[in-house]
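Residue numbers start from 1 in every chain, and the chains themselves are labelled A, B, ... in the order their sequence lines are given, proteins ahead of strands.
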2 protein chains.
Amino acid sequence: MSQTVDRALSILPLLAEGPADLGQVADRLGVHKSTALRLLRTLHEHGLVYRQSDQRYRLGARLFALAQQAVENLDVREIAHPHLVRLNEECGHTVHLAVYEENEVLYIDKVDSRYPVRMYSRIGKPVAITVAAVAKLLLADLPEPERRAVVDRLDYPHYTARSTPNAAAYLRELATVREQGWASDLGGHEESINCVAAPVRGADGRVVAAMSVSAPNVVVTADELLTLLPLVRRTADAITREYSGNTPAKDAV
Amino acid sequence: MSQTVDRALSILPLLAEGPADLGQVADRLGVHKSTALRLLRTLHEHGLVYRQSDQRYRLGARLFALAQQAVENLDVREIAHPHLVRLNEECGHTVHLAVYEENEVLYIDKVDSRYPVRMYSRIGKPVAITVAAVAKLLLADLPEPERRAVVDRLDYPHYTARSTPNAAAYLRELATVREQGWASDLGGHEESINCVAAPVRGADGRVVAAMSVSAPNVVVTADELLTLLPLVRRTADAITREYSGNTPAKDAV
DNA sequence: ACGGTCGTTGCAGAGGACGCAACGACCGGC
DNA sequence: GCCGGTCGTTGCGTCCTCTGCAACGACCGT
């Protein structure tokens, strides 16, 4: 909509790939060097880009501060956090909280496993949307047209033999998830890691977040992990109750 | 430098305080609603702001993704990480890695304590710059004029009785740190938490990052923590060696 | 010393951003 | 149920500001 801002913002993902000098930025934007310079300076003043000692530009620290403040202001996260900690104390495994936003699912909180083997994931990192248990819950609750649109637009990486293969299969999976009110990922992302997840709902019953417990096979088998399901669901319901203002959570939709 | 971009970027910190509607954004920017709308739309297209269900705007998910990619591209971090993990395995305490950037010191990596009592901190979160051990190392190495300028510009919050009280005291502390080649924070931020830190240097000898081990009094006393200093320094030197391309690290400056 | 590359500056012209005013949707009060 | 108020949205004409050019200076390697 606004050409100047549009160009300036296009610099950010470009720099996210790695540091670049003025010429490279100007080229990739398709503008004159002087124009790129002015844009970079403005971004620099706001701390969004940083100029390292070799004069090349890379993303700046303010970006972290902003992302940080943003995540701390999410009220679901604030309410859910103590519940996640308690769940982690009870079962010992890694606990995640995730939300859906504009075609992406991302973790907004995490409590690490007490076992030495830890999953790689990080707050703010986009989730493997076609296989993660939390993603299934969040997508399953989207209004039908949007869900279809999103699912059609996705890629279906073949992480493992049990990864969701294509859009049709995913839609079927989502239907199941919506009915049963919980989701799992049994080795669909990494061969040896399983998750079970349950939804957190708002006052209107819509799913606002999803919570999962993950553990590698070497610690507990998939079957053992599934025995935690009632605990996970109880925790998610407790968060729902608090988040939606003491409205008791229903078991299924 | 560029008015339009400048205005657009000013929206981000504004929204970081919490969600706002169009009118509020326009007011705080001092522009017409239609202008604010155009800017917000552009930000929205790039995923930097998100429009929640009540139509108000807040920061968007792309911000996390960008911050994430940025931190993953930091080569110091990549090299240091395995060393941090090993150090954590050896001593069990929380390990941090931090860098300095434009008047701020921020954590870029962290390995959590294996003890149940954990510090509150998060990757990307700006550090308490007047007291943190890592901040002392990074500031101590700045060129004299910049160091003075930064130190003068800081606030000196009175976190505890042992917090750095003012600029003069901080400059003295930094001189000491520079000479001894390591730093500590003994209850200067939180009464019951102590840290020891050591610098990671680039090929030119400049401090590019700092690494610390933190532990609460209830786990180890300050004196006990200080016995870990040699281990911390050895780890930092190992990172330095690898980062600066096998150049052996010197013990002091 | 020289050509090459790269970042930076000043300027004039034109393209785009700005604010205005008016519309439509929504809400709450009378 | 009507009506005033608020809020987001749209189209448009004017003026601002962003743009690209060209020239300069710094730096590097040949």
Inset, instruction - Taking side chain to side chain contact (heavy atoms under 4.5 Å, CB included) as the test, write out the residues that go with B:A8, two or more places apart. - result: A:V5, B:L39
Inset, instruction - Check DNA chain C against residues 16-25 of chain B and give the residues with a non-hydrogen atom under 4.0 Å, in numerical order. - result: none
Inset, instruction - Figure out the CG/P separation between B:D54 and C:dC26, and round it to whole Å. - result: 15 Å
Inset, instruction - With DNA chain C as reference, determine whether A:Y57 or A:V5 sits nearer its 5' end, using the nearest nucleotide of each. - result: A:Y57
Legend entry - For atom CG of B:L37 and atom P of D:dT10, their distance in whole Å: 7 Å
Inset, instruction - Mind calculating the distance between CG (A:L40) and C1' (D:dC18) to the nearest angstrom? - result: 15 Å
Donor-acceptor pairs are to be reported for all side-chain atoms of residues 147-155 of chain A against protein atoms at under 3.5 Å, with residues two or more places apart or in another chain.
from, atom 1, to, atom 2, distance (Å)
A:R147, NH1, A:A140, O, 3.1
A:R147, NH1, A:L142, O, 2.9
A:R147, NH2, A:E144, OE1, 2.9
A:R153, NH1, A:N103, OD1, 3.2

Inset, instruction - For B:Q69, enumerate each residue passing the side chain to side chain contact (heavy atoms under 4.5 Å, CB included) test, keeping only those at least two apart in sequence or located in another chain. - result: A:A16
Inset, instruction - Over 60° means perpendicular and under 30° means parallel, so classify the ring planes of B:H96 and B:Y107, tilted if in between. - result: parallel
Inset, instruction - From the options D:dG8, C:dG7, C:dT9, select the nucleotide whose nearest atom is closest to the side chain of B:R51. - result: D:dG8
Inset, instruction - Round to the nearest Å and state the distance from B:R56 atom CZ to C:dC26 atom C1'. - result: 17 Å
Inset, instruction - Take atom CZ of B:R38 and atom P of D:dT10, then tell me their distance rounded to the nearest Å. - result: 12 Å
Inset, instruction - Provide, to the nearest angstrom, the distance between the CG atom belonging to B:L39 and the P atom belonging to D:dT9. - result: 14 Å
Legend entry - Residue pair A:R77 / A:I108, side-chain heavy-atom distance below 4.5 Å: yes
Legend entry - Interatomic distance where CG belongs to B:D27 and P belongs to D:dT6 [whole Å]: 13 Å
Legend entry - Short side-chain to backbone donor-acceptor contact, A:T164 and A:V131, under 3.5 Å: no
Detail all sub-3.5 Å separations between protein N/O atoms and N/O atoms belonging to nucleotides 13-17 of chain D.
from, atom 1, to, atom 2, distance (Å)
D:dT17, OP1, B:Q3, OE1, 3.4
D:dT17, OP1, B:Q3, NE2, 2.8

Legend entry - Exercise: do B:H81 and B:D109 side chains pair donor with acceptor under 3.5 Å: yes
Legend entry - Closest to the A:T35 side chain, choosing from D:dG20, C:dC18, D:dT9: D:dG20
Legend entry - Pairwise side-chain hydrogen bond (donor to acceptor under 3.5 Å, both in side chains) hits with a residue in residues 11-24 of chain B, at least two apart: B:E17-B:R28
Donor-acceptor pairs under 3.5 Å, side chain of residues 202-212 of chain A to any protein atom, not counting sequence neighbours: which ones?
from, atom 1, to, atom 2, distance (Å)
A:D204, OD1, A:R206, N, 3.2
A:R206, NE, A:D141, OD2, 2.9

Inset, instruction - Assess whether salt bridge (Lys or Arg N to Asp or Glu O under 4.0 Å) is satisfied between B:E45 and B:R62, documenting all intermediate values. - result: CA-CA 10 Å; B:E45 276 177 16; B:R62 186 65 41 90; over 6 Å; no
Taking only N/O atoms, report every protein-nucleotides 21-27 of chain D pair under 3.5 Å with atom names and distance.
from, atom 1, to, atom 2, distance (Å)
D:dC21, OP2, A:H32, ND1, 3.4
D:dC21, N4, A:S34, OG, 3.2

Inset, instruction - Considering just the side-chain nitrogens and oxygens of B:R41, establish if one lies under 4.0 Å of OP1 or OP2 belonging to C:dA17. - result: no
Inset, instruction - With sequence neighbours excluded, tell me which residues meet side chain to side chain contact (heavy atoms under 4.5 Å, CB included) with A:Q55. - result: A:R51
Legend entry - Bend angle of the helix from C:dA1-D:dT30 to C:dC30-D:dG1, from helix axes over five pairs at each end, nearest 10°: 40°
Legend entry - Under the side chain to side chain contact (heavy atoms under 4.5 Å, CB included) test, residues paired with B:R38 that sit two or more places apart: A:M1, B:T35
Legend entry - Heavy-atom donor-acceptor pair, B:Q180 side chain to B:W182 backbone, under 3.5 Å: yes
Inset, instruction - Report the residues that fulfil salt bridge (Lys or Arg N to Asp or Glu O under 4.0 Å) with B:R7, sequence neighbours left out, ordered by chain and then residue number. - result: none
Legend entry - Length of the line joining B:Q52:CD and D:dG8:P, which is rounded to integer Å: 13 Å
